[in-house]
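Contents: one structure, followed by commentary.
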Protein chains: 2
Amino acid sequence: MKLSTRSRYGLRAMYDLALRYGEGPVPLNSIADRQMVSLHYLEQLVAKLRRAGLVSSSRGAQGGYELSKPPEDITVGDVVRVLEGSFDPVQCLSVDFDHEDCEQLDDCVVRFVWKKLQDCTNRVLNSISLRDLCDGTTNLKGKACGACASDSQQAMGTC
Amino acid sequence: MKLSTRSRYGLRAMYDLALRYGEGPVPLNSIADRQMVSLHYLEQLVAKLRRAGLVSSSRGAQGGYELSKPPEDITVGDVVRVLEGSFDPVQCLSVDFDHEDCEQLDDCVVRFVWKKLQDCTNRVLNSISLRDLCDGTTNLKGKACGACASDSQQAMGTC
DNA sequence: AGGAATCCCGATTGGTTTACTTGGGATTCA
DNA sequence: TGAATCCCAAGTAAACCAATCGGGATTCCT
């Protein structure tokens with residue numbers, strides 16, 4: 001259940017880009033400096049995000065990267081899914097899992113646990129947009145997980 | 001966000017033990033057969049669970065393992081935490097993280113995202129006991145995540 | 001007493017992943 | 001033209017994963 005540095009660095013880079021959305025291309029070395037990440041390593045992460053259509057690039061001097069959509073249209077889940085490959089906790093939950101590979105799939109109670117875990121992480125990550133990050137933690141604290149409708153939970157910031 | 005086979009095999013073994021709780025020691029080779037896992041590999045996993053106090057062992061012929069507590073007192077979270085090391089998504093969320101190592105810790109919005117993820121996974125895994133697994137998926141489907149009080153969510157089995 | 005069943009322990013291994021680094025090439029702006 | 005920037009492929013050291021191997025210690029049963 002560890003996140004790799006790819007997600008951590010990558011999300012920080014996307015947050016950096018979201019803060020500068022609309023100001024033209026942001027060169028990668030400035031992001032690397034601010035976020036204290038190796039430029040070359042960041043290049044690889046951003047390349048994935050570009051191929052996934054989350055950022056667009058302009059080459060040459062005065063070039064750089066920018067979000068290809070407004071920050072409110074990109075969720076943390078979008079970013080993490082690209083960088084982490086997927087966050088299905090186990091293979092038998094992935095959409096392209098071959099049902100022949102496990103005979104007890106439908107009534108597997110253990111799988112059911114992982115399914116709940118997957119639902120929950122998806123819900124959290126999909127409910128937070130880059131815009132939410134820009135608006136800061138104060139705003140985020142009050143944000144529910146997207147499925148939990150209880151006001152008291154929202155007020156407590158626990159869900 | 002992948003779970004290793006340690007958690008998957010380990011939880012299946014614990015489920016197996018929970019189903020036989022109160023019937024005396026269960027030999028590991030029978031678990032390995034039923035769950036189709038290498039005996040030697042399972043030994044390593046169960047050794048961790050034993051050192052963590054979740055199972056107890058009796059040596060010699062007619063020996064084996066049994067849960068050291070009733071199934072309702074052991075959660076999936078207990079098991080996964082032992083086998084996976086921890087499921088803090090990032091180090092700066094772990095209890096023994098040195099706050100000197102990150103100067104922007106308190107108002108780090110990205111960290112806040114990981115914190116919400118951690119809260120959510122903890123809540124799900126801590127809310128499901130081995131007893132719940134024994135009672136089957138029908139029962140599990142109606143089980144809320146422990147924090148979400150909305151009846152509609154519970155009815156839908158989405159939280 | 002002896003032997004089978006079982007837990008216990010440590011070393012090794014082959015493969016994969018992680019987190020980079022290195023070394024360049026292509027494009028664009030001034 | 002040349003500096004700034006993106007783009008790409010390869011290499012690498014370390015860690016981790018999922019086992020496997022080979023034995024040792026303890027206990028029950030006959």
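Here is the naming used below: chain letters follow the sequence lines, and residue numbers restart at 1 for every chain.
Dashed line: the shortest gap from a side-chain N or O of A:R59 to OP1 or OP2 of D:dA4 is not under 4.0 Å. Taking only side-chain nitrogens and oxygens, A:Y41 never comes nearer than 4.0 Å to OP1 or OP2 of D:dT12. Regarding contacts with the backbone of C:dA19, a side-chain N or O of A:T5 is found under 4.0 angstrom from either OP1 or OP2. Remark: B:N29 is in phosphate contact with C:dT6, judged by side-chain N or O atoms under 4.0 Å from OP1 or OP2. Taking side-chain N and O atoms only, B:Y9 has a distance below 4.0 Å to OP1 or OP2 of D:dA19. Within the structure, every side-chain polar atom (N or O) of A:S58 is placed at least 4.0 Å from both OP1 and OP2 of C:dT27. Regarding contacts with the backbone of D:dC8, a side-chain N or O of A:R50 is found under 4.0 angstrom from either OP1 or OP2.
Using a 4.0 Å heavy-atom distance criterion, B:V26 is classed as a sugar-phosphate-only contact.
Heavy-atom distances to DNA chain C give each of A:V37 and A:G60 a nearest nucleotide, and the one nearer the 5′ end belongs to A:V37. Taking for each of B:R51 and B:G63 the nucleotide of DNA chain C with the nearest heavy atom, the 5'-most of the two is the partner of B:G63.
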Just do the side-chain contact (heavy atoms from CB on, under 4.5 Å) check on A:L19 and A:L133 with the steps written out, would you?
CA-CA 9 Å; A:L19 287 173; A:L133 294 186; over 6 Å; no
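Atom NZ of A:K48 is separated from atom P of C:dA19 by 11 Å (rounded to the nearest Å). Counting to the nearest Å, the P atom of C:dA19 and the CD atom of A:Q35 are 17 Å from each other. Counting to the nearest Å, the C1' atom of C:dT21 and the CG atom of A:L39 are 12 Å from each other. Atom CZ in B:R6 sits roughly 9 Å away from atom P in D:dC16 (whole-Å rounding). At whole-Å resolution of the value, CG in B:L45 and C1' in C:dC7 are 15 Å apart. Spacing between atom CG of B:L17 and atom C1' of C:dT6 amounts to 15 Å, rounded to whole angstrom units. Computed from coordinates, the A:M36 CE to C:dA19 C1' distance equals 17 Å when rounded to whole Å. Nucleotide C:dT18 holds its P atom 13 Å from the NZ atom of A:K2, rounded to whole Å.
Side-chain atoms of A:L125 and B:V113, non-hydrogen and from C-beta on, do get closer than 4.5 Å to each other. With contacts defined as side-chain heavy-atom distances shorter than 4.5 Å, the pair A:V37/A:T5 does not qualify.
Residue B:H40 has its side chain nearest to D:dG23 when only D:dG23, D:dA19, C:dA19 are considered. Closest to the B:A61 side chain, of the nucleotides C:dA4, D:dA18, C:dT18, is C:dA4.
Qualifying side chain to side chain donor-acceptor pair (under 3.5 Å) partners for B:E43, counting only residues two or more places apart in sequence or in other chains: B:H40.
A donor-acceptor contact under 3.5 Å is not formed by the side chain of B:Q62 with the base of D:dC29. Under 3.5 Å, the side chain of A:Q44 and the base of D:dC8 form no donor-acceptor pair of N or O atoms.
Closest of all the heavy-atom pairs between B:P71 and B:Y21 is CD-CD2, 3.4 Å.
Using a 4.0 Å cut-off between a side-chain N of Lys or Arg and a carboxylate O of Asp or Glu, B:R12 and B:D16 do not qualify as a salt bridge.
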